Amino acid sequence: EPGEPDGAFMNQFNCARNCLWDKKWAYWSYTRAITEKVFGKRDDLEEDIAFTNIVKCNISDTIDNTPELLRNNCVNEMKVIQNEIEIINPNIIIMYTANEYDKEMEKIFTLSEVKDTRVKVGKRDMPWREANIVYGNNRNGRLLRVGHPERKKKEGETGFVTLVSTWINNE
């Protein structure tokens with residue numbers, strides 16, 4: 001139960017900032033390395049990015065095995081992720097997930113210039129989908145859906161960090 005009590009919920013803001021950002025796990029360390037490549041090394045890098053989950057009501061502590069009905073209700077009916085994105089108002093969105101959520105993304109965003117492929121990350125292939133998006137009140141942005149960085153090469157020409165940070169910087 002990470003976080004501090006905040007009414008009926010646990011507020012994980014400070015826990016994420018003070019605990020997770022410095023973890024060696026691929027999700028956090030690769031994201032931190034990408035952020036450093038894009039914004040430069042600073043002590044407050046986490047201020048330039050936001051984290052969330054596309055599904056707020058996952059039924060598993062590990063791999064995502066959310067049934068389609070639950071996923072549809074959470075993403076498309078309740079529109080939690082859509083509302084979060086509109087509040088944060090980003091121009092770049094990167095989702096660490098496979099293609100199982102592509103149809104949900106197509107309901108959240110209007111996509112154009114979609115490039116759906118696989119890329120080589122070290123010795124592994126990884127799903128890679130990029131698109132220009134419109135969301136909310138005609139807010140334009142870019143979307144990259146990539147696989148989870150776990151067990152993927154981190155650095156080098158075909159490293160996860162290099163591929164994602166290069167995509168971010170190529171506007």
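Reckoned from all heavy atoms, side chains included, excluding hydrogens, waters and symmetry mates. What you are looking at is a predicted structure, and each value in this text was computed from that prediction instead of being measured.
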What's the verdict on side-chain contact (heavy atoms from CB on, under 4.5 Å) for Lys153 and Lys123, showing C-alpha distance, side-chain angles and the deciding distance? CA-CA 8 Å; Lys153 181 179 178 183; Lys123 295 179 180 178; over 6 Å; no
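- Considering only residues two or more places apart in sequence or on other chains, Lys37 meets the salt bridge (charged side-chain N to carboxylate O under 4.0 Å, His left out) condition with none of them.
- From Met126, atom CE reaches atom CZ of Arg151 across 14.5 Å, with rounding to the nearest 0.5 Å.
- The side chain to side chain contact (heavy atoms under 4.5 Å, CB included) test applied to Glu77 returns Asn72, Asn73, not counting sequence neighbours.
- A distance-only check finds a donor-acceptor pair linking the side chain of Arg142 to the backbone of Trp167 [under 3.5 Å].
- Residues Val121 and Thr158 are not in side-chain contact: their nearest non-hydrogen atoms beyond the backbone lie 4.5 Å or more apart.
- With sequence neighbours left out, the side-chain hydrogen bond (donor to acceptor under 3.5 Å, both in side chains) criterion links Arg118 to no other residue.
- Here the CG-CD1 distance, from Asn91 to Ile88, works out to 12.0 Å after rounding to the nearest 0.5 Å.
- A donor and an acceptor atom, one from each side chain of Arg139 and Asn89, are located under 3.5 Å apart.
- For Glu106, the side-chain hydrogen bond (donor to acceptor under 3.5 Å, both in side chains) partners are Arg129, not counting sequence neighbours.
- Within a 6.0 Å sphere centred on CG of Asn65, heavy atoms belonging to other residues, nucleotides or ligands number more than 12.
- Once rounded to the nearest 0.5 Å, the distance linking CG of Asp102 with CE of Met95 reads 10.0 Å.
- Among residues at least two apart or in separate chains, ring-ring contact (aromatic ring centres under 6.0 Å, His included) pairs with a member in residues 136-163 are Tyr27-His148, Tyr30-Phe160, Tyr96-Phe160.
- In terms of the side chain to side chain contact (heavy atoms under 4.5 Å, CB included) criterion, residue partners of Pro67 (sequence neighbours excluded) are, by chain and number, Ile59, Leu70.
- Listed by chain and residue number, Lys103 satisfy the salt bridge (charged side-chain N to carboxylate O under 4.0 Å, His left out) test with Glu68 (two or more places apart in sequence, or in another chain).
- A 4.5 Å side-chain heavy-atom check between Ile87 and Gln82 finds every atom pair outside the cut-off.
- When side chains are defined from C-beta on, Val119 counts as touching Leu163, because their heavy atoms get closer than 4.5 Å.
- Under the side-chain hydrogen bond (donor to acceptor under 3.5 Å, both in side chains) criterion, Asn99 pairs with no residue, sequence neighbours left out.
- Ile133 has its side chain out of reach of Asn140: every pair of non-hydrogen atoms, C-beta onward, lies at least 4.5 Å apart.
- How far SG of Cys74 is from CG of Leu69: 11.5 Å, rounded to the nearest 0.5 Å.
- Counting all heavy atoms, side chain and backbone alike, Asn83 lies closest to Met78 at ND2-O, 4.0 Å.
- Considering CD1 of Ile168 and OG1 of Thr35, their distance stands at 7.0 Å, rounded to 0.5 Å.
- Between the side chain of Arg145 and the backbone N or O of Asp116 there is no donor-acceptor pair closer than 3.5 Å.
- When atom types are taken as modelled, the side chain of Thr117 and the backbone of Trp128 share no donor-acceptor pair closer than 3.5 angstrom.
- Scanning for side chain to side chain contact (heavy atoms under 4.5 Å, CB included) contacts around Thr110 gives Val134, with sequence neighbours left out.
- At least one side-chain heavy atom of Ser29 sits less than 4.5 Å from a side-chain heavy atom of Lys154.
- Glu104 pairs by the side chain to side chain contact (heavy atoms under 4.5 Å, CB included) definition with Arg71, Val75, Asn76, Tyr101, not counting sequence neighbours.
- A heavy-atom distance below 4.5 Å is found between the side chains of Met105 and Leu143.
- Looking only at side-chain heavy atoms (C-beta outward), Pro90 and Ile85 come within less than 4.5 Å of each other.
- In this structure, Ile92 and Leu144 have side chains that are not in contact, with every pair of non-hydrogen atoms separated by 4.5 Å or more.
- For the side-chain hydrogen bond (donor to acceptor under 3.5 Å, both in side chains) test, no residue two or more places apart in sequence or in another chain qualifies with Glu157.
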